[in-house]
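One structure below.
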Amino acid sequence: MAKITYITHDGEPHDVEAEAGATVMSAAVRSMVPGIDAECGGACACATCHVYVDEAWQEVVGGPSPMEEDMLDFAMEVRAGSRLSCQIKVTDALDGLVVRVPEEQA
Ligand code: FES
């Protein structure tokens, strides 16, 4: 299990207990965190699960794969720490992870 904090664009933190093996996207959708649309259901084909990984976590989480990077071109306001949350697998090492949800998805 890993506690993940999703900070929505209004600054509201949403704490979610995510199981290892889930994705940061699926854990958010299951807990109805607002702002993560995930229209393609996690197939890396929509860019509506865009999040910003907190700076302190960027090294642990790592960067996007080439396929994810291509899809990030369709996300709004991509910047350092941008990831598609369906491509981040939850592991115990991510306990305490903080991600920010953008104001708008693609
Ligand atoms: Fe579609 Fe992540 S849910 S790219």
Side-chain angles (χ1 to χ4, degrees):
M1 291 289 259
K3 190 189 95 177
I4 302 175
T5 301
Y6 302 80
I7 301 175
T8 45
H9 72 93
D10 54 3
E12 191 73 31
H14 300 260
D15 291 341
V16 170
E17 291 291 338
E19 290 194 18
T23 66
V24 171
M25 176 281 277
S26 66
V29 168
R30 208 187 51 240
S31 299
M32 293 188 289
V33 173
I36 297 190
D37 300 340
E39 282 169 12
C40 78
C44 195
C46 73
T48 62
C49 63
H50 180 205
V51 296
Y52 302 112
V53 175
D54 187 76
E55 211 179 329
W57 282 92
Q58 287 173 12
E59 214 175 300
V60 180
V61 172
S65 68
M67 183 174 85
E68 181 185 341
E69 218 162 72
D70 285 349
M71 194 48 57
L72 271 168
D73 288 345
F74 297 94
M76 320 257 294
E77 292 185 49
V78 173
R79 57 184 192 232
S82 280
R83 290 290 314 266
L84 296 179
S85 56
C86 70
Q87 301 302 303
I88 306 173
K89 278 256 182 292
V90 175
T91 65
D92 293 345
L94 295 190
D95 187 35
L97 174 67
V98 177
V99 298
R100 290 184 169 71
V101 181
E103 185 165 5
E104 278 186 289
Q105 293 289 355

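Just so it is clear, the values below take in all heavy atoms, side chains as well, and ignore hydrogens, waters and symmetry mates. In this chain, residues are counted from 1 in sequence order. As the structure lists them, so they are numbered: ligands from 1, and atoms in each ligand from 1.
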Of all the atoms in ligand 1, which lie at a distance below 4.0 Å from a heavy atom belonging to [X]?
X: G42; answer: 3 (S)
X: C44; answer: 4 (S)
X: C49; answer: 2 (Fe), 3 (S), 4 (S)

C40 near atom 1 (Fe) of ligand 1 via N/O/S, less than 2.8 Å: yes

Heteroatom N/O/S of C46 within less than 2.8 Å of atom 1 (Fe) of ligand 1: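 Yes, within the cut-off.
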
Nearest non-hydrogen partners of A27 and V16, listed with the distance: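 Scanning both residues, the minimum pair turns out to be O-CG1, 3.7 Å.
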
From L97 atom CG to T91 atom OG1, the distance as rounded to the nearest 0.5 Å: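 OG1 of T91 is found 9.0 Å from CG of L97.
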
CG on D54 to CZ on R100, rounded to 0.5 Å: 5.0 Å

Ligand 1-proximal atoms of S85, by part, heavy-atom distance under 4.0 Å: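 The answer is neither.
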
Residue H50, metal atom 2 (Fe) of ligand 1, N/O/S under 2.8 Å: no

Joint hydrophobic cluster, V24 plus Y52, side-chain heavy atoms closer than 4.5 Å: no

Within one Ile-Leu-Val-Met-Phe-Trp-Tyr cluster: V99 and V60, side-chain cutoff 4.5 Å: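 Looking at the clustering, V60 is in the same group as V99.
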
Test side-chain hydrogen bond (donor to acceptor under 3.5 Å, both in side chains) applied to R83 and E68, H50, Q58, the passing residue: E68

